[in-house]
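In what follows, a structure is listed as structure tokens, so that the remarks can point back to it.
Read the numbers this way: they start at 1 and go in the same order the structure lists the ligands and their atoms. Owing to the predicted nature of the structure, the values given are computational and were not obtained by experimental measurement.
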Amino acid sequence: MGGRARLEVELEQLTQQIRYHEAAYRAGVPEITDAGFDDLVERYGELADRLGIDPSERLDVQPGQDHTAGFETVEHREPMLSLEKLSPNRRGSSGEPMALSDQLSAWFRRRRKELEVDELPVIVEPKVDGISVSLLYAAGELRRAVTRGDGHKGDVITKQVVQLGTVPTKLERAGKGEIEIRGELYWPLAEFARFNATLERPLINPRNGCAGMMKRKDPAGLEATGIRAFFYQVAWNDGVELPSTQHEVLQWLADRGAEVYLSEVFQTTTEEEALQYCEDYQARREKLDYDIDGMVIKVDDLRLYARLGATGHHPHWGIAYKFPPERKPTELLDIEVSVGKSGKLTPVAILEPVFVSGTTVSRASLHNFVELERKDVRVGDTVLVEKAGEIIPQVVEVDRGKRKRGAKRFVAPNACPTCGTEVVSEEIFVYCPNPACPDQVRERLRHFASRQAMDIDGMGEVLVDQVVDRLGVRSPDDLFRIETSALAALDRMGEKSAERVKAGLEVAKGRGLARVLNGLAIRHVGETMAEDLAAYFKTADSLLEFAARYVAEDEEAVETVAPAKSSERGAIEGLARKSADSIFHELDAPAVRKVFSGLAEVGVSLSVEAADVREVADVAGKAFVLTGTLPTLKRTEATKRIKAAGGKVSGSVSKKTDYVVAGDDPGSKHDKAQALGVEIIDEAALLALLGEPD
Ligand code: IVH
């Protein structure tokens with residue numbers, strides 16, 4: 001597989017992971033921490049940039065929003081930012097991967113230059129993997145504990161933190177003023193293992209367990225968990241005297257009973273020694289009683305921080321070194337082929353169970369058959385397994401030295417393993433083209449009912465499997481026709497659960513066209529495309545009428561979405577000719593038309609929901625391009641608001657662009673806008689257009 005194809009596959013995997021974790025998060029059962037989620041989003045952004053994906057085509061995600069319903073939120077006086085990371089994926093100006101040592105040297109060089117010094121004292125600290133917390137003390141008393149939230153506003157978890165009994169409720173000798181200190185709540189591994197052994201359904205790992213525990217509404221019992229916090233920063237202080245270096249501040253905190261890892265820090269003035277310490281520390285990782293995911297290198301002199309400044313995302317006084325993910329060898333017992341909702345066949349490795357990065361892994365996706373062949377993975381091989389983003393297990397490579405004689409190559413199937421239909425290939429993927437394939441039917445219905453799509457309360461995967469196997473449901477509209485009594489008779493159901501599911505179905509009927517389109521698992525129609533199609537066509541009738549014309553090669557229809565002149569943009573941002581062909585052909589297929597009429601029959605709304613779009617006269621129909629870092633809005637948020645107001649956001653400036661919204665470091669789009677005479681506005685002007693002045 002070529003470099004680009006590989007990146008595309010990784011982007012697709014990340015998309016699925018991010019959607020999954022967002023849904024788990026919204027459902028109040030997060031499986032990863034904010035930092036873990038941020039990493040996924042960051043990697044997604046990096047890949048999307050490298051692949052040149054238009055912003056309007058990207059996943060609309062905000063990193064690390066940890067708000068939980070029912071928790072009071074408060075604004076942080078100083079935002080809780082992230083750290084810039086040394087990244088094995090970063091490339092230099094020549095496009096070659098940049099060694100971590102070169103990245104760190106560049107970072108040191110920039111700081112020295114900005115500060116006009118020859119020597120820069122830094123401190124290197126372990127980066128503990130838990131959930132960030134900010135504690136406000138007034139006159140030495142703990143007043144408030146707040147999660148990071150979206151970095152600007154967090155959830156108040158004071159009761160929960162106090163109940164732990166491991167975080168000081170008093171800071172001795174901290175004067176009469178106010179001070180906010182920041183740290184990480186974490187679950188020591190031995191305490192976690194002890195606590196987990198008492199649970200019927202064990203928690204996945206200490207990180208997620210800690211995040212879940214701290215969001216318990218009732219704090220009773222939290223003292224039995226053994227969760228604690230370590231502190232690494234004073235965010236601000238008013239009327240409290242503090243020393244002027246980070247290492248002295250850590251000592252100051254330790255003297256007042258706050259846990260800090262003074263014995264684990266290292267001071268130096270050179271990047272070589274800093275990096276060496278990070279690398280050496282990795283060997284100690286296994287022996288620690290807590291998870292760390294890397295190290296943090298910080299300028300030691302706090303008086304320099306204001307001069308170094310920050311972006312909206314990270315301060316310039318520190319940088320993170322992330323450890324490479326853990327890799328473990330295990331035996332590949334078998335290769336199975338699974339059939340996805342759109343018919344895609346995916347090889348799956350069945351593994352001798354192995355413990356990697358906190359969980360036992362027994363299955364791992366092998367992505368596609370081209371990748372399988374490239375890695376030359378054979379049944380019986382010893383393979384190395386790691387977790388991408390520390391979550392989804394992957395087979396990284398084969399240990400060739402351990403290959404047994406007779407290990408057989410796996411040949412991609414010519415027929416679907418489930419229904420026997422001859423497969424078709426599209427680019428690097430292989431599909432079962434039979435929409436009635438039992439696996440596809442099941443996967444499509446699971447997707448339709450899922451949180452990302454119709455969000456049918458109570459209709460989880462286990463129930464979907466039962467309605468397929470026992471009630472003969474085959475099509476999304478059938479779901480709405482199931483009788484309460486039939487639901488009640490299923491395993492682990494009963495009258496009450498059946499009524500809840502019926503009520504869930506009733507609510508789902510009103511979710512609107514975008515959710516329905518996303519739910520139908522049409523190839524190339526994800527969340528964003530579904531929203532864009534719904535926003536443009538407004539009703540399923542007009543969409544289907546258009547699809548018929550497109551398929552019949554009606555010139556006007558084709559020209560509307562896929563203009564012949566490559567310089568022109570189609571009516572639907574990000575919809576290229578190839579995907580348009582695929583989408584409209586699929587929409588026009590009799591089976592899909594039948595689903596639409598079935599859904600209409602049972603009363604599912606097939607028009608855009610009024611709440612989704614609130615057109616704003618100055619923005620509706622206008623084309624925007626965003627460039628540079630905006631002072632307060634994230635790019636995804638700005639895109640969302642413009643779209644919600646009826647505007648379009650595109651990735652490149654042309655004569656058709658109405659406004660270029662420029663932030664810091666705007667780059668070439670700004671210059672092009674000037675050359676073309678396109679109006680350039682700032683964030684405040686954008687907010688004014690949106691009717692939401694600053
Ligand atoms: S300094 C601007 N020091 O890692 C944030 N952070 O991405 C400055 N963390 O959210 C943070 N150990 O929760 C700092 N020794 C340490 C840390 C640490 C863990 C977490 C923290 C922050 C994230 C940075």
Could you list the atoms of ligand 1 found under 4.0 angstrom from a heavy atom of [X]?
| X | answer |
| --- | --- |
| V128 | 12 (N), 19 (C) |
| P315 | 2 (C) |
| F230 | 12 (N), 15 (N) |

Are any of the N/O atoms in [X] less than 3.5 Å from those in ligand 1?
| X | value |
| --- | --- |
| K298 | yes |
| R148 | no |
| L81 | no |

Would [X] and [Y] count as a cation-pi pair here, with the cationic atom under 6.0 angstrom from the ring centre and within 45° of the axis?
| X | Y | answer |
| --- | --- | --- |
| R207 | W187 | no |
| K217 | F71 | no |
| R256 | W252 | yes |

When you compare the side chains of E248 and T245, does any donor N or O come within less than 3.5 Å of an acceptor on the partner? yes

Have a look at [options] and point out the one with the heavy atom closest to [atom].
| atom | options | result |
| --- | --- | --- |
| atom 15 (N) of ligand 1 | K322, E125, E84 | E125 |
| atom 11 (C) of ligand 1 | Y186, Y232, Y261 | Y232 |
| atom 4 (O) of ligand 1 | Q246, K85, K127 | K127 |

With a 4.0 Å cut-off on heavy atoms, is [X] in contact with ligand 1?
| X | result |
| --- | --- |
| A310 | no |
| A320 | no |
| G318 | no |
| W317 | yes |
| H314 | no |

Nearest heavy atoms of Q160 and R216, plus distance in Å: NE2-O, 2.7 Å

side-chain hydrogen bond (donor to acceptor under 3.5 Å, both in side chains) contacts in which one or both residues fall within residues 116-125, not counting sequence neighbours: E125-Q246, E125-K298

I'd like to know whether I227 forms a side-chain contact (heavy atoms from CB on, under 4.5 Å) with E191, so could you lay out the CA-CA distance, the side-chain angles of the two residues, the decisive distance to 0.1 Å, and finally the verdict. CA-CA 8 Å; I227 291 174; E191 293 283 357; over 6 Å; no

With sequence neighbours left out, the residues meeting salt bridge (charged side-chain N to carboxylate O under 4.0 Å, His left out) with R182 are E180

Nearest 0.5 Å, what's the CD-CD distance between Q103 and E84? 9.0 Å

